[in-house]
Each structure stands twice: as C-alpha cells, then as structure tokens.
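Heads up: the structure comes next, in structure tokens.
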Amino acid sequence: MIDSAIDSVPDHDRDQRLTNLQIFLEVATEAALAGGAVLQAFSGKLEQVQEKGRPGDLVTEADKAAEAVILEVIRRHFPDHGILAEESGRSGSETAGYLWAIDPLDGTTNYAHQYPAYTCSIGLLIDGNPQVGVIFDPVRQELFRAATGLGATCNRRSIRVSQTATLRQSLLVTGFAYDRHQTADNNYAEFCHFTHLTQGVRRSGSASLDLASVACGRLDGYWERGLSPWDLAAGVVLVREAGGEVTAYDLSPFDLYSGRILATNGRLHGAISQELLQVKPLVNSGQLPLPEN
Ligand code: IPD
Ligand code: CA
Ligand code: CA
C-alpha cells in the first residue's frame, strides 16, 4: 500500500523517508528479537508475579527485563527519540517528533500461566502517527513487520488480510480489559452478540497478536476497548499495510489514545461497526461479584 502523504512529496524526499523507515524497522526488529529472547529465557522460571493494581493486571520480572533490553537498543540507536513503554512510562525527548510505543510482553497473563500466546510489540509514531510496527511472537518464532509504504511481512514474506466478506463466514477476535470488573462497558455483551453472528470469536489475551492475526488473514476482524497505546501502535501499522482497515467503532478516525479499536480485513468493517453500535450492555454486567480468593 502506498501512502498518499509519501506520494505527494518529491522523489528524493520520498526515497529518504522510505530509507529512514527501513532503518527504524531494522532497529525495531533488533529490539523485538532481543526482548523475545529475554521472555524465552524467563519462561517457566518466574519468581515474581505481582498485581499492578487492578485485579488480574500482572507484571513479572520478565516484563521488566525484556523492557530494559528493548530500551537499551532503542536508546543506543536513537538517543534523542521519545519513549512510551508500559513498565517505565515516558522517557527521552519528543522534540524530534519520534515516539516509540513499547509493550515488552503483551499477554502477561498468558505468559504467567505458561499459555503460549504473547509477544514483544514495538511501534514508532512519527509526528503522532503510527508508522513502523514490529511484533515478535517468540513461541512460534514469527516476526511481523510493517512500515508505512513498505508493506507488511511475517518472517520476511508478504502478508495480506483475509477476503472473508460476510459475518456468517467470519472468525473474529476480541479481549477484555482489566477494568472489566468495575464497568458495565466491559465488552461482555459484544462478545455474546458476535459469537451468535459469526463462526466464532476468539480471545487470545494479546492485543498485538490479535492485530498480527488480522494482518496475516488468520482472523477477519478485531475490536476491543480499554487498551493502551503500546498495545496497539505496532499492530495498527501491520493491519493497514496488509490491506486492512483501522478506525474507531463508529468508523471515525482511529485515535491511539482512545483505548478503542476496530481493525478488520476491510470487507467486514462496515458490518462489524454497525453491529458494535447496536449492542446494549448486559443487565447487571459489571456488578457481578468477584470470587473471594
Ligand atoms: C493486555 C493484552 C490483552 C488485552 C488487555 C491488555 P498485557 O496486555 O493485550 O489481550 O485484552 O487489555 O492490557 O497486560 O498482557 O500487556
Ligand atoms: Ca499489552
Ligand atoms: Ca505488557
């Protein structure tokens, strides 16, 4: 997919921009592979699994160690870039217009249970827009990469979204945010609604893996609320570059800081949006008692 912004600039500027994106992509790859190696080294050997505040929102020594090696790679190459990382927050400068959004372990709950679905997710925003995305799944050894105007790949082979054109033939994916116990807007009703209309709705427990799965056509669409920029930045680039569509639920432009996303193969985008806007929260959901222990 060719970016129209790139199309409208002179050839040498465009070439320079694409060369820069290629460099950012290589650095993001180096960082994601380094982070993934740390995750595999800690896998099955965790000693510190703590709740960060909300029930079920976990952090482990692997999250922190993977983030440290990722930040070392990014800072070594781009000391003047800004960073927004899940465990350490904001650092560096943003004056250059570059902000790296990093989730060192997306799927911590899975990881802590040794359920093999998690990634390192690294996105780069340029002037506020996601332009580079690398998602590394160390379990399947799959490296998903994309940059605006450079296409999307998995293990260096080009990927495309699916061709599925009807909800009845579709397989979707979603997730449930850690605040689901505190809000009636917890996505339970939407999950039931689409389970009824489609061939199924999966919940992988890793938002970046969900986006990568839409990008490579294994799944046809993904929606979720309550997300953070580091969950989404890389995957958004992948889905767009693989020919898919990314917006808010109501088809308005996607906002990385809104917490909500609708990402599909494009063909199903309107239909999923329409259904999402009709769903009413389940009676009493959000007020269900939690087990004592
Ligand atoms: C979580 C995962 C999950 C999504 C949650 C995220 P974490 O990230 O992406 O799929 O449903 O909302 O917070 O905590 O494993 O990095
Ligand atoms: Ca995450
Ligand atoms: Ca995480």
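A quick note: this is a predicted structure, and the numbers were derived from the prediction, not measured. Note that the numbering runs from 1 along the sequence shown for the chain. When a ligand or atom number is given, it counts from 1 through the structure's own listing order.
Look at Asp185 and Arg180 and you find no salt bridge, because none of the NZ, NE, NH1 or NH2 atoms lies under 4.0 Å from a carboxylate O. Salt-bridge check for Glu190 with Lys280: failed, with every basic side-chain N at 4.0 Å or more from each acidic carboxylate O. Between Arg160 and Glu241, no side-chain nitrogen of the basic residue sits less than 4.0 Å from a carboxylate oxygen of the acidic one, so the salt-bridge criterion is not met. One finds a salt bridge joining Arg225 and Asp179 here, because a Lys/Arg side-chain nitrogen approaches an Asp/Glu carboxylate oxygen to under 4.0 Å.
Taking the Ca ion (ligand 2) as reference, the nearest N/O/S atom within Asp231 carries the name OD1. As for Asp103, its N/O/S atom nearest the Ca ion (ligand 3) is the one called OD1. The Ca ion (ligand 2) lies closest to atom OD1 when only the N/O/S atoms of Asp106 are considered.
Contact annotation: for Ser206 versus ligand 1, heavy atoms closer than 4.0 Å belong to the backbone alone. Neither the backbone nor the side chain of Arg225 has any atom closer than 4.0 Å to an atom of ligand 1 (non-hydrogen atoms only). Looking at Asp103 against ligand 1, only its side chain comes within 4.0 Å, counting heavy atoms.
The minimum heavy-atom distance between Trp223 and Thr174, with the atom names listed, is O-OG1, 2.6 Å.
The contact set between ligand 1 and Leu227, taken as ligand atoms under 4.0 Å from a residue heavy atom, comprises 12 (O). For ligand 1, the atoms closer than 4.0 angstrom to any heavy atom of Phe176 are 11 (O). Short contacts between ligand 1 and Leu105, defined as distances under 4.0 Å to a heavy atom of the residue, involve ligand atoms 16 (O). Close approach of ligand 1 to Glu86 is summarised as follows: ligand atoms under 4.0 Å from at least one heavy atom of the residue are 16 (O). Below 4.0 Å from some heavy atom of Gly107 lie the following atoms of ligand 1, by number and element: 7 (P), 15 (O), 16 (O). Atoms of ligand 1 lying under 4.0 Å from at least one heavy atom of Thr108, given by number and element, are 15 (O). With ligand atoms numbered from 1 in the order given, ligand 1 contributes 2 (C), 9 (O), 10 (O) to contacts under 4.0 Å with heavy atoms of Ala207.
From the protein, the heavy atom lying nearest to atom 13 (O) of ligand 1 is Tyr178 CE1, 3.3 Å. Ranking protein heavy atoms by distance to atom 5 (C) of ligand 1, first place goes to Glu224 OE2, 3.8 Å. Looking at atom 8 (O) of ligand 1, its nearest protein heavy atom turns out to be Asp106 OD1, 3.0 Å. In terms of protein heavy-atom proximity, atom 3 (C) of ligand 1 is closest to Gly205 O, 3.5 Å.
With a 4.5 Å cut-off on side-chain heavy atoms, Tyr222 and Leu211 count as touching. In this structure, Ile70 and Val73 have side chains that are not in contact, with every pair of non-hydrogen atoms separated by 4.5 Å or more.
Contact annotation: Leu105 places an N, O or S atom under 3.0 Å from the Ca ion (ligand 3). Residue Glu86: no N/O/S atom is found under 3.0 Å from the Ca ion (ligand 2).
Under a 4.0 Å heavy-atom criterion, Asp210 is not in contact with ligand 1.
Ring pair Phe176/Phe191 is perpendicular by interplanar angle, where above 60° counts as perpendicular and below 30° as parallel. Between Phe24 and Phe78, the ring-plane angle classifies as perpendicular under the 30° and 60° cut-offs.
Taking the six-membered ring for Trp and the full ring otherwise, Phe42 and Tyr111 have centroids separated by 6.0 Å or more.
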Stepwise side-chain contact (heavy atoms from CB on, under 4.5 Å) test for Leu21 and Ile126: CA-CA 10 Å; Leu21 287 176; Ile126 303 179; 3.8 Å; yes

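The distance from the CD atom of Glu87 to the OG1 atom of Thr108 is 6.5 Å, given to the nearest 0.5 Å.
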